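Structure record follows, encoded as C-alpha cells.
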Amino acid sequence: MTDEERLQELKAMTYADYLLTPEWRERRNQALARALWTCQWPECRKKVGLQVHHKSYTHRGEELDQELAVLCREHHQGFHRDYDPRRQK
C-alpha cells in the first residue's frame, strides 16, 4: 500500500478507529513530547491523565503540530463542554 492509499484509508475510517492506529499513536506521542508531557491549558501544569485534543479534523492522518493540543482530562472535557462548537447548547 502506498503512503497516499494509507492516508485515504485513515481519512475514511471512523474517528474511534483512527485513534487506535499506529499513525495516531506516533502523532500523539510527538505532541506529548513537544508539550513536555504537560497540560497546555493556561496555568495548569498537570502531567497525568493527558489527552491530545484535535483543534481541527481537516488533516486527519497528517495533522499539523498547531492542530493538536495536549490537555489534562479535566481541561479536555471542560473544553468540549464549554467551547466545542459542535455541541448543542
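Owing to the predicted nature of the structure, the values given are computational and were not obtained by experimental measurement.
Relative ring orientation between His53 and His76 is described as perpendicular, the plane-to-plane angle rising above 60° on a 0-90° scale split at 30° and 60°.
Minimum interatomic distance between Ala69 and Gln40 (heavy atoms only, all atoms of both residues): CA-OE1, 3.3 Å. Residue Tyr18 comes nearest to Leu10 through the heavy atom pair CD1-CD2, 4.0 Å, listed as atom of the first residue, atom of the second, then distance. Nearest approach of Asn29 to Trp37, heavy atoms of both residues: OD1-CH2, 4.1 Å. The shortest non-hydrogen separation linking Val70 to Ala31 is CG2-O, 3.4 Å. Scanning all heavy atoms of the two residues, the minimum distance from Arg45 to Cys39 falls at NH1-O, 4.0 Å.
A distance of 13.5 Å separates CG of Leu68 from CD of Gln51, quoted to the nearest 0.5 Å. In this structure, Asp82 CG and Gln77 CD are separated by 11.5 Å, a value rounded to the nearest 0.5 Å. Of the inter-residue distances, the one linking Leu71 atom CG with Lys46 atom NZ reads 11.0 Å to the nearest 0.5 angstrom. Expressed to the nearest 0.5 Å, how far CD of Glu74 lies from CZ of Phe79 amounts to 15.0 Å.
Between the Thr38 side chain and the Leu36 main chain, a donor and an acceptor come within less than 3.5 Å of each other. For the pair Arg27 (side chain) and Glu63 (backbone), a donor-acceptor distance under 3.5 Å is present. Between the side chain of Asp17 and the backbone N or O of Met13 there is no donor-acceptor pair closer than 3.5 Å.
Judged purely by distance below 3.5 Å, without hydrogens or angles, the side chains of His54 and Glu67 never pair a donor atom with an acceptor atom.
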Derivation and outcome, side-chain contact (heavy atoms from CB on, under 4.5 Å), residues Glu9 and Met1: CA-CA 10 Å; Glu9 186 176 70; Met1 176 179 296; 3.6 Å; yes

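At a threshold of 4.5 Å between side-chain heavy atoms, the hydrophobic network of Ile, Leu, Val, Met, Phe, Trp and Tyr places Leu7 and Tyr57 in two separate groups.
Environment of CG in Asp65: crowded, with over 12 heavy atoms of neighbouring residues, nucleotides or ligands closer than 6.0 Å.
Taking 4.0 Å as the cut-off between side-chain N and carboxylate O, Glu23 and Arg6 count as a salt-bridged pair.
Judged by a 6.0 Å distance limit and a 45° cone about the ring axis, Arg60 is not positioned over the six-membered ring of Tyr15.
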